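Data block below; observations after.
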Amino acid sequence: MTRRRALISAMGAAATARLRGQQSAATSPAPAPPQTDLDRLISVYDFEADAKTKIAAGVWERIIGGAADEITLKWNREAYDHIRLKPRVLVDVSKIDTRVKLFGTELPFPIVLAPTGGQGLIMPQGDLVAARGAGAASATYVISSSAGMKIEDIAKVSTGPTWFLLYVQKDRGFTRDLVQKAEDLGCRVICVTVDSPTFALRNREQRAAAQMPTRALPNLPSPSYLDPALTWKDIEWLQSFARKPVVLKGILNPDDASLAVKTGVAGIIVSNHGARNLDTVPATIDALPLVVEKVAGRVPVLVDGGIRRGTDILKALALGAAAIQIGRPYLWGMGVAGAPGIAKVVEILRREFELAMALTGRPTLASIDRTVIWG
């Protein structure tokens, strides 16, 4: 355990050093992060507990809350706990390789920082902080069109690969311009939210509304930015001019996955919106195998929701995911220590994933398959 803590501490220090180097070159000054001894935080759960003491109460409720009775929110986590691993022994795991190629880019590990809104509620310039933290950890960062800062400012400080999350607007001309702007700024993938025709019932967030500041949405025409008339024809239209791969985020139903592939999209993200949209839909890890089966290897499938441990990443890949996305964990990292906190969260998950691979006898991502799952 002492050796493991030393390894994680060293990785956190290296990430902080990389962060300082990129901040000196950035045009926008980053706010000073809270002073925290990151060495004492050795798991994502440590960051969650510490973040709760540092993030404003109303903002905290928004981050951790889900839809309605939060049943799916609970399932997202519990489903991973119920999956048992089946290790192999006497396998050479002296070299662990976590590299993955996604949409034409090789990533050092299959962990992507998912798009999240309201980062500026956690700390000033939160969107810049998230981008810097991702860069310090060598992680891909998904910039959201619902970000609290202009996407050009976020892209400017990003040192790692960036993707862009699109909410298709009723004004299709505005939508086209936004996509082309993101592409011109270097975003390598266009992710499209497809599970939000309307805003969801979020009782926890409603109860905390009086304690939350107003969100800024500088990249969208109005706070009513969802389009209930969005259909598959709009996905075809989007692909007619997009220069980067189009990936659909929010697929749960295998039949929708089949339609997505037929429409020609480059990938699918199995997501229930962090359990923040429709309550009592299944956990994403439970939906993943059915989607993977329907897609049959024709496009990469990613998954988000409930991932807190390196073993969770291993389980997701064993069930067919090409990579995973995290949301709340890196927001906790931001709340604890700004960009260095984000980098430390990613480094912890990366190291835990490497340990899980070694302890199950899986030295490469290609060696991870369903035989690592018990039963």
Side-chain angles (χ1 to χ4, degrees), residues 1 3-4 7-8 10-11 43-44 77 79-114 137-140 160-161 189 245 247 254 257 261 266-271 283-326 329 345-375:
M1 180 62 72
R3 182 183 178 189
R4 179 180 173 189
L7 284 170
I8 293 176
M11 289 188 294
S43 76
V44 168
R77 177 59 240 157
Y80 277 102
D81 292 337
H82 295 156
I83 299 172
R84 297 175 298 167
L85 293 172
K86 191 177 184 181
R88 297 299 302 266
V89 298
L90 298 178
V91 177
D92 183 357
V93 291
S94 57
K95 295 181 180 179
I96 299 294
D97 186 358
T98 61
R99 291 173 299 172
V100 60
K101 191 169 185 179
L102 274 179
F103 313 118
T105 301
E106 184 177 272
L107 309 181
F109 45 83
I111 304 171
V112 175
L113 270 60
S138 301
T140 296
V189 174
V247 174
V261 174
I268 289 169
I269 301 173
V270 175
S271 175
T284 48
I285 193 62
D286 288 338
L288 175 64
L290 300 177
V291 170
V292 168
E293 181 180 10
K294 186 70 75 168
V295 169
R298 289 173 288 177
V299 300
V301 177
L302 290 76
V303 67
D304 65 20
I307 294 163
R308 304 290 183 266
R309 286 286 187 182
T311 47
D312 300 335
I313 302 172
L314 180 70
K315 293 170 185 178
L317 268 59
L319 293 174
I324 63 93
Q325 292 192 327
I326 58 170
V345 165
V346 176
E347 295 286 3
I348 287 172
L349 286 173
R350 180 181 183 178
R351 178 57 182 155
E352 286 186 359
F353 177 48
E354 292 171 350
L355 288 172
M357 289 175 65
L359 291 170
T360 54
R362 311 291 167 148
T364 66
L365 298 195
S367 66
I368 301 172
D369 58 22
R370 290 200 182 200
T371 61
V372 80
I373 302 297
W374 197 286

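All of these numbers come straight from a predicted model, not from anything done at the bench.
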Separation of Arg308 CZ from Asp81 CG (nearest 0.5 Å): 10.5 Å

Closest non-hydrogen atom pair between Pro110 and Ala322, with its separation: CB-O, 3.8 Å

Under 3.5 Å: donor-acceptor pair, side chain of Ser271, backbone of Thr284: no

From Ile373 atom CD1 to Leu85 atom CG, the distance as rounded to the nearest 0.5 Å: 5.5 Å

Partners passing ring-ring contact (aromatic ring centres under 6.0 Å, His included) against Phe103 (at least two apart in sequence or in another chain): Trp163

Partner of Ile324 under side chain to side chain contact (heavy atoms under 4.5 Å, CB included), chosen from Leu317, Val270, Leu314: Leu317

Derivation and outcome, salt bridge (Lys or Arg N to Asp or Glu O under 4.0 Å), residues Arg77 and Asp312: CA-CA 9 Å; Arg77 177 59 240 157; Asp312 300 335; 2.6 Å; yes

Smallest separation among heavy atoms of Lys86 and Trp374, with atom names: CG-CE3, 3.4 Å

Atom of Gly306, atom of Tyr80 and distance for their closest heavy-atom approach: O-CD1, 3.9 Å

Over all atoms of both residues, closest heavy-atom pair of Pro108 and Ser138: CG-O, 3.4 Å

Working for side chain to side chain contact (heavy atoms under 4.5 Å, CB included), residues Leu288 and Ile285: CA-CA 5 Å; Leu288 175 64; Ile285 193 62; 3.9 Å; yes

Between OG1 on residue Thr98 and CD1 on residue Ile111, distance to nearest 0.5 Å: 8.0 Å

Candidate pair Leu102 and Leu302, rule side chain to side chain contact (heavy atoms under 4.5 Å, CB included), full reasoning: CA-CA 10 Å; Leu102 274 179; Leu302 290 76; 4.3 Å; yes

Pairwise distance CG(Leu349) to CD1(Ile313) - rounded to 0.5 angstrom: 5.0 Å

Euclidean distance, Glu352 CD relative to Glu354 CD, rounded to 0.5 Å: 11.0 Å

Close side-chain approach of Phe109 and Val346, heavy atoms under 4.5 Å: yes

Side-chain (Gln325) to main-chain (Ala114) donor-acceptor, under 3.5 angstrom: no

For residues 355-366, tabulate all N or O donor-acceptor pairs below 3.5 Å that involve a side-chain atom, not counting sequence neighbours.
from	atom 1	to	atom 2	distance (Å)
Thr360	OG1	Ala356	O	2.7
Thr360	OG1	Met357	O	3.3
Arg362	NE	Thr360	O	3.4
Arg362	NH1	Ser367	O	2.9
Arg362	NH1	Asp369	OD1	3.3
Arg362	NH1	Thr371	OG1	3.2
Arg362	NH2	Thr371	OG1	3.3
Thr364	OG1	Ser367	N	3.2

Set of side chain to side chain donor-acceptor pair (under 3.5 Å) partners for Arg99, sequence neighbours left out: Asp97

Leu107 vs Thr105, side chain to side chain contact (heavy atoms under 4.5 Å, CB included): CA-CA, chis, key distance, verdict: CA-CA 6 Å; Leu107 309 181; Thr105 301; 3.9 Å; yes

Side chain proximity check, Leu319 to Val292, heavy atoms < 4.5 angstrom: no

Check ion pair Arg351-Glu347 (N to O, under 4.0 angstrom): no

pair Arg309-Ser43: side-chain heavy atoms closer than 4.5 Å: yes

Neighbour count >12 (heavy atoms, 6.0 Å) for atom CZ, Arg88: no

